[in-house]
Amino acid sequence: MAPQAPPGLPLILSPAGEKDSFLAALSAGADAIYCGLASFSARMKAKNFSIHELAGLTELAHEKGAGVYVAFNSILKPDELSRAGELIRRLQKEVRPDALIVSDPATPALARRAGFRGEIHLSTLANLSFPAGLAAARENLGVCRAVIPRELGVDEIRDMAAACPRGLDLEVFVHGALCYGVSGRCYWSSYMGGKSGLRGRCVQPCRRLYRQGEAKKRCFSSRDLSLDVLTKVLLEIPRIRAWKIEGRKKGPHYVFCATKAYKILRDSPRDPRAAREAMDLLGRSLGRTGSHYFFLPQRPHNPIDREGETASGLFAGRTKGGPGNVFLKPRFPLFAGDILRAGYEDESFHRIVHVTRYVPKQGRLPLAGAFGKGAGKKGPFKKEQAKKGRAPKKQAPGGPVKSVPVFLVDRREKELAGMIAALEKEIPKIQAPPKPSGAFSLSFPKKKKTTRKILDMAVFRRVSKKTAFPAGFWMPEGGGKALSSLVSRVGKQYGRRGVWWWLPPVIWPAEEKKIREGVGRLLKSGFSGFVLNAPWQTALFPKKRKLHFWAGPFCNLANPLAVQAAADMGFSGAVVSPELAAGDFMALPAQSPIPLGIVLHGNFPLCVSRNLSEDLNPARPFLSPKNEGAWVTKHGESHWVFPNWALDLRARKKALQRAGYVMFVYLNEPVLKGVKMLERPGAWNWDGTLY
């Protein structure tokens with residue numbers, strides 16, 4: 001039975017990364033709970049669940065009238081399809097969740113082949129960011145719910161709701177962590193070390209300190225989203241089926257408080273006393289400081305806090321004392337069982353501290369033991385060194401120390417622990433079923449070897465000197481005069497044939513009309529080749545026109561079933577995900593139903609964002625903690641972050657050509673003045689593994 005909310009109201013959808021958080025969500029009255037398995041989940045750093053464990057919890061949730069959604073929102077590599085299909089088959093047989101949350105275009109078809117009978121929801125990682133795309137997703141993938149981006153304002157959400165086709169509803173984030181990059185359009189972690197955010201293994205490079213000039217700032221680290229009392233506006237918008245709380249890596253305290261708060265705000269939206277109770281719960285939920293982000297277009301919040309702390313957990317104060325005598329005077333009382341983190345997550349010296357006794361507000365909690373005897377020699381507690389050319393500063397006995405922020409990251413109150421323990425006793429004993437006879441397998445017809453003309457495509461933002469091969473051009477998001485001027489210059493330089501127009505990786509609702517008008521202008525001018533960077537962008541073109549569509553690299557296609565889904569949508573070719581490793585790249589063409597391409601060389605963005613810190617000057621480059629250079633440039637409503645070295649697989653071209661690739665893309669991005677491009681291997685994950 002599908003989860004039910006009170007008539008006319010959205011579901012409260014709560015996160016769970018482990019058993020206690022799942023039970024905390026049930027204790028707080030969640031209408032549905034979303035969680036992941038130990039593989040193929042976009043939160044692989046959460047503990048997650050085994051199928052056997054999830055079976056008992058799901059049966060308990062169903063007995064309590066709550067639904068269970070399983071996040072299966074990872075892009076799948078070529079050799080993972082059979083294993084993923086087998087896992088879905090077991091989910092259906094042993095767990096029977098109400099829905100799968102997916103991002104890879106392959107997964108809906110894979111789920112159907114595996115016999116899954118629940119709903120299919122499209123993850124925010126799929127980047128359904130503009131109204132017209134909703135109908136394309138419903139028609140082509142058969143999904144019944146779309147999780148829309150966190151970056152949308154209330155008017156944009158209204159536009160999305162108004163465009164929902166029959167059989168599709170929306171899920172809206174109301175609370176939880178904000179990523180700097182747009183979901184599904186961030187490659188930062190993967191580019192720097194193979195750990196892909198699209199596969200749930202992001203190491204959060206955006207949370208680190210960056211330097212521009214002499215200043216060091218966490219200029220990409222965002223506060224949390226918290227719509228709190230503004231959610232009453234969402235109650236007036238039809239087609240919103242669920243309010244989603246982010247936090248599968250958070251503990252049961254956070255899950256309970258956030259779930260309880262939003263249930264109160266949903267059920268009593270006009271009650272001031274209820275609002276105060278809900279805000280108190282959110283204030284104690286141990287998340288970052290909240291932000292409304294872009295929800296109110298007349299009062300947008302930049303979520304990058306220039307002055308405050310943006311680490312996860314509730315800021316408890318900063319360390320005091322000298323080496324060997326480090327302590328904390330907390331801003332609020334601490335209780336036995338509380339869990340603290342001293343330092344930021346990205347700092348090598350950060351420590352987890354378990355509180356074993358009650359500490360009053362402004363009391364004294366010794367921390368030296370947490371950092372060991374060497375607390376005064378390494379990490380944040382080393383003695384201050386005199387700057388070159390200056391006399392040493394006078395030091396207090398034991399030497400000064402760097403003040404380190406401390407955060408309360410989890411709390412286990414007796415009342416909540418009792419509720420969790422009581423529910424745990426009610427979990428049904430599930431007998432593990434016998435192993436299914438016959439493994440789930442997928443077969444793809446063996447392709448006949450054919451000789452195809454190799455296509456080299458150089459992609460530009462403006463007309464450059466004429467190349468010896470076909471050219472591609474990014475379509476200006478603003479359309480209008482900028483597009484007309486570019487079309488005129490392109491026509492004079494290249495003619496109409498052999499020119500491909502690239503659509504941006506993110507189209508925001510206000511850009512949809514301009515992009516559609518631009519498409520009409522291009523079609524009227526006689527162009528017919530387009531590279532689309534989200535499958536749903538086909539909705540911007542007239543259906544009856546015979547056009548040539550290629551799926552671009554931002555479609556994140558990484559397996560033959562995903563490529564088949566693109567072919568079913570009308571694509572005649574696909575540029576595969578640039579994140580893949582050598583073995584993955586080489587395996588794809590033999591199984592692909594349509595010709596494949598690859599980004600062979602050029603400037604590929606670390607991420608695309610809708611936001612920019614006020615502390616970051618886009619006219620200047622900046623440096624990472626490891627002195628890796630980068631810069632930001634704006635196109636339309638989006639900010640693109642580029643590293644100062646190029647992706648470069650040119651030495652592998654012959655091998656890729658033998659494997660069956662027929663299109664080789666060269667991205668030519670204008671480099672910011674003052675940026676020195678480095679000569680680095682630039683192979684991305686080619687020589688390693690995509691985790």
Side-chain angles (χ1 to χ4, degrees), residues 130 132 452-508 510-534 536-555 570-575 594-595 597-605 608 633-638 640 642 662-671:
F130 62 98
R452 288 184 178 272
K453 184 179 179 181
I454 300 300
L455 176 66
D456 290 293
M457 183 189 298
V459 184
F460 305 96
R461 290 201 181 271
R462 52 179 178 258
V463 173
S464 182
K465 62 182 181 180
K466 192 167 184 177
T467 62
F469 39 82
F473 292 92
W474 287 103
M475 183 177 169
E477 289 88 339
K481 292 182 180 179
L483 179 60
S484 296
S485 174
L486 184 57
V487 167
S488 175
R489 296 180 67 188
V490 167
K492 290 177 183 177
Q493 183 85 320
Y494 295 93
R496 300 292 185 269
R497 299 184 63 184
V499 172
W500 292 77
W501 290 92
W502 283 56
L503 269 63
V506 185
I507 297 175
W508 301 108
E511 295 174 328
E512 179 185 317
K513 182 180 178 182
K514 296 173 184 177
I515 294 287
R516 194 187 290 274
E517 289 172 351
V519 164
R521 170 81 170 84
L522 294 171
L523 295 178
K524 190 175 181 180
S525 300
F527 295 101
S528 61
F530 296 88
V531 176
L532 312 185
N533 278 294
W536 343 114
Q537 293 176 356
T538 55
L540 301 171
F541 293 80
K543 288 188 176 181
K544 295 182 180 180
R545 289 289 296 269
K546 188 174 181 180
L547 302 170
H548 301 292
F549 292 143
W550 270 64
F554 294 91
C555 290
F571 289 91
S572 56
V575 181
I594 53 178
I598 188 171
V599 178
L600 197 69
H601 181 266
N603 306 105
F604 203 87
V608 178
T633 187
K634 189 176 183 183
H635 300 294
E637 293 184 29
S638 299
W640 298 45
F642 289 98
V662 298
M663 180 187 281
F664 297 95
V665 176
Y666 303 77
L667 297 175
N668 296 275
E669 190 71 25
V671 177

Might you point out which heavy atoms bring [X] and [Y] nearest each other, and give the distance in Å?
X    : Y    : answer
A539 : R516 : O-NH1, 3.5 Å
W508 : S638 : NE1-OG, 3.0 Å
N533 : P505 : CB-CA, 3.7 Å
M475 : P504 : O-CD, 4.4 Å
V662 : P595 : CG2-CB, 3.6 Å
F642 : N603 : CE2-O, 3.5 Å

Distance (rounded to the nearest 0.5 Å) between [X] [atom1] and [Y] [atom2]:
X    : Y    : atom1 : atom2 : answer
F527 : L547 : CZ    : CG    : 13.0 Å
H635 : E669 : NE2   : CD    : 4.5 Å
K481 : L486 : NZ    : CG    : 16.0 Å
L667 : W474 : CG    : CH2   : 6.5 Å
E517 : L483 : CD    : CG    : 10.5 Å
I507 : W536 : CD1   : CH2   : 13.0 Å

Could you go through the side-chain contact (heavy atoms from CB on, under 4.5 Å) check for V490 and V463 one step at a time?
CA-CA 6 Å; V490 167; V463 173; 3.8 Å; yes
Minimum side-chain heavy-atom gap [X]-[Y] below 4.5 Å:
X    : Y    : answer
F571 : L532 : yes
L540 : L503 : yes
F664 : I598 : yes

So, E511 side chain and E637 main chain: donor-acceptor pair closer than 3.5 Å or not?
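Looks like yes, one N/O pair under 3.5 Å.
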Would you say the side-chain atoms of S525 pair up with the backbone N or O of R521, donor to acceptor, closer than 3.5 Å?
yes
Among F530, F473, W550, whose side chain to side chain contact (heavy atoms under 4.5 Å, CB included) with W500 holds?
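It is W550; the other options fail the test.
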Could you tell me if R461 sits above the aromatic ring of W640, with its cationic atom closer than 6.0 Å to the ring centre and no more than 45 degrees from the axis?
yes
